[in-house]
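Structure record follows, encoded as structure tokens.
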Amino acid sequence: MPEVQSTEQRDIRIKKLKEFESRGINPYPHIYKPTDTSAGLAEKYKDLPNDTQVEDIVKVAGRIKAIRNSGMFIDLYDKDGKIQIFSSLEHLPAEQLDILSLLDIGDIIGVEGRVKRTKRGELSVVTEKLTVLSKALIPLPEKYHGLTDTEMKYRQRYVDMIVNDSTIQTFIKRSQIITSIRKTFLDKGFLEVETPILHPIKGGATARPFITHHNTLDMDLYLRVAPELYLKRLIVGGMDAVFEIGRVFRNEGMDTRHNPEFTILEAYWKYKDYYDMMDLFEDIVRNACLAVNGTLQIEFDGKKIDLEKPFARRSMDSLVKEYTGIDFLAIHSDEEAVKAAESIGVKVEGDQVWGQALVSVFEAKCEEHLIQPTHVMNHPVSDSPLTKIHREDNRLVERFETYINGWEMSNAYTELTNPLDQRARLEDQVRQAKAGNPEADTMVDEDFVTALEYGLAPTGGLGIGVDRLVMILTNSLSIRDVIAFPTLRLK
RNA sequence: GAGUGUGUAGCUCAGUCGGUAGAGCAUCUGACUUUUAAUCAGAGGGCCCUGGGUUCGAAUCCCAGCACGCUCACCA
């Protein structure tokens, strides 16, 4: 509920806020400088015996999450944990007791005092001076169950983060994963670059776009569905290794694995092919996993996943053969391919039928089995307009997608560099769009083809769905658990 | 887009056969210098998601809508 409604508890807190002001206390001061954090004190005084107090004066700050015994004990939480605040009625001056009585759960305060471990063994700061840093007007959700209402978790993520520690931990890990990814690339000599989000022509992936409008240019623009075509231009221009981590936008369905805007990682590496990109992907995943889990043996939704062993490398046709018995490489006509697919109950749509049949059967019969990391290699040409033809079979391309937990985690190519071939394949996309495929590109990006005509060296490319990687590495079952502010309907 | 579930106090949830609103936490008042979800006594707090309908009477049954979840479809 974005509109603030007047409630009994809020009215009472506003009254307390006014009471602070009438005593000359600003409940929203400009600055406060704590000297210590909860974790810092825990470490520094870990050997302090029970019922002992030291003379050092410290200043801590944080949010009140619990008040016990009429204010005698306060649980104060800062970024890395809890510190108890002990306020003795006998030793506190009257004006400090007045402040104490106006505090509520949810308020942010600073506390100055001496460190003590109580009789019960809880490390505490013995209050000498209380400072209100921010008076909270809305009460926090219940302490025991936390916040469980999914809608409120997503609409008011800050509340979810305050109350549910696992929520903020997931977003901390997300940040650490992205830092790790960036470090892996920088260590290999990559340049981090930025390319346009507003695209005059849709391209780089088959997906439905969002369309917006620029007023001054009086021109429609697409929010990018992929940064691919611009990153390759940078390779043409002379960069040898580039990567970009950024948001892309696809106007498609939403579920536990899809959000309309999501974070993609794309990298292009000169004088590399798709085998090199497999190694690169594995490095990225292992480094990121170690950064947040400290191990490469992880568990997702109760399933054990081994990220340590070299990922399996399997051609799509061999997986189809393993799980269905159908050998697509031995099938040479479209009719036969469709018949083979239909014989196991897989419907084939589209007109590039041999390739469509192979992909459809793979998606229907194989994907779900790929729990352990698997590079699925050698897709049919029809599916992959930006990929170089396989060096040994001209029906296939040098492409792989890495599956973990049955999900597509990466998509990588030996990049297509032949400008004439590229133009023909993009023109085929336009033909498909005119035939009614809403995901195909509606016009050829002529400047991209021109760039290839200036010469693109042999290059490997890799794309990673960062949100899904974060899901796997944090055991998060919904993409909305790893995107702080997922797309929701306006309420 | 289809199916399905949920929506009740600030939060977490009960609410029987349709009979007019309940608990715990939180809040307020008081007690207790004690704590670890502190405890004890008392009090206040409700657009039962919205709009229709059936009925003497609807949180409850019916219809429509809204939001969110799940499954499916779609989906680099």
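Just so we're on the same page: letters track the sequence lines, and every chain starts at 1.
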Problem set entry | With Arg117(A) via salt bridge (Lys or Arg N to Asp or Glu O under 4.0 Å) - residues at least two apart |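 Arg117(A) satisfies salt bridge (Lys or Arg N to Asp or Glu O under 4.0 Å) with no other residue.
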
Exercise. What residues, two or more places apart in sequence or in another chain, satisfy salt bridge (Lys or Arg N to Asp or Glu O under 4.0 Å) together with Arg23(A)?
Worked result: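 Arg23(A) satisfies salt bridge (Lys or Arg N to Asp or Glu O under 4.0 Å) with Glu19(A), Asp98(A) only.
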
Give the nucleotide from the list [options] with an atom nearest to the side chain of [X].
X: Lys143(A); options: rC25(B), rC11(B), rU12(B); value: rC25(B)
X: Arg155(A); options: rU36(B), rC13(B), rA67(B); value: rA67(B)
X: Lys119(A); options: rC70(B), rU12(B), rU34(B); value: rU34(B)
X: Arg480(A); options: rG10(B), rG69(B), rU34(B); value: rG69(B)
X: Arg208(A); options: rC74(B), rU34(B), rG1(B); value: rC74(B)
X: Thr256(A); options: rU35(B), rC70(B), rC25(B); value: rC70(B)

Sort me out a list of protein N/O and nucleotides 30-32 of chain B N/O pairs below 3.5 Å, or just none if empty.
unit_1, atom_1, unit_2, atom_2, d
rC32(B), N4, Ser70(A), OG, 2.5

Between [M] and [N] - [atom1] atom distance, rounded Å:
N: rA14(B); M: rU39(B); atom1: C1'; result: 25 Å
N: rC74(B); M: rG51(B); atom1: C1'; result: 33 Å
N: rC28(B); M: rG45(B); atom1: C1'; result: 10 Å
N: rU6(B); M: rU12(B); atom1: C1'; result: 15 Å
N: rU55(B); M: rC13(B); atom1: C1'; result: 30 Å
N: rG44(B); M: rA21(B); atom1: P; result: 15 Å
N: rG15(B); M: rA31(B); atom1: P; result: 39 Å
N: rU54(B); M: rG10(B); atom1: P; result: 32 Å

Return the pairing partner of [N] with a 3.5 Å limit on both distances, Watson-Crick or G-U wobble; otherwise return none.
N: rG45(B); result: none
N: rU71(B); result: rA2(B)
N: rC13(B); result: rG22(B)
N: rC40(B); result: rG30(B)

Exercise. Once you round it to whole Å, what is the distance between P of rC70(B) and CD of Glu151(A)?
Worked result: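 Glu151(A) atom CD is separated from rC70(B) atom P by 13 Å.
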
Problem set entry | Integer-rounded Å distance: rG10(B) C1' and Gln156(A) CD |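 Rounded to the whole Å, the gap is 11 Å.
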
Looking at the base of [N], is there any donor atom on it, or on the side chain of [X], that sits under 3.5 Å from an acceptor on the other one?
X: Asp255(A); N: rC75(B); result: no
X: Glu122(A); N: rU35(B); result: no
X: His145(A); N: rC11(B); result: no
X: Gln9(A); N: rA26(B); result: yes

For this session: Starting from the C-alpha separation in whole Å, work towards a yes-or-no answer on side chain to side chain donor-acceptor pair (under 3.5 Å) for Glu244(A) and Thr195(A).
Result: CA-CA 8 Å; Glu244(A) 177 168 12; Thr195(A) 63; 2.6 Å; yes

Problem set entry | All pairs passing ring-ring contact (aromatic ring centres under 6.0 Å, His included) where residues 79-106 of chain A contributes a residue, at least two apart |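 Sorted result for residues 79-106 of chain A: Phe73(A)-Phe86(A).
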
Exercise. Does the ring center of Phe243(A) lie less than 6.0 Å from the ring center of Trp269(A)?
Worked result: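 No; Trp269(A) has its ring centre 6.0 Å or more from that of Phe243(A).
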
Exercise. Do His379(A) and Phe362(A) make the cut of ring centroids closer than 6.0 angstrom?
Worked result: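 No.
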
Exercise. Can you list the residues that meet the side-chain contact (heavy atoms from CB on, under 4.5 Å) rule with Met254(A), with sequence neighbours excluded?
Worked result: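 Only Asn259(A), Pro260(A), Arg480(A), Thr487(A) meet the side-chain contact (heavy atoms from CB on, under 4.5 Å) criterion with Met254(A).
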
Problem set entry | First encountered from the 5' end of RNA chain B, between Leu490(A) and Gly465(A) |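 Looking at RNA chain B, the more 5' nearest nucleotide goes with Leu490(A).
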
For this session: Report the residue (Ser88(A) or Ser410(A)) whose heavy-atom-nearest nucleotide on RNA chain B is the more 5′ of the two.
Result: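 With Ser88(A) and Ser410(A) compared, the 5'-side residue is Ser88(A).
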
Problem set entry | Point-to-point distance, once rounded to the nearest 0.5 Å, from NE2 of His375(A) to OH of Tyr274(A) |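 With rounding to 0.5 Å, NE2 (His375(A)) is 11.5 Å from OH (Tyr274(A)).
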
Exercise. What salt bridge (Lys or Arg N to Asp or Glu O under 4.0 Å) pairs are there with at least one residue in residues 461-477 of chain A, not counting sequence neighbours?
Worked result: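 Counting only pairs at least two positions apart or across chains, the salt bridge (Lys or Arg N to Asp or Glu O under 4.0 Å) contacts touching residues 461-477 of chain A are Arg174(A)-Asp467(A).
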
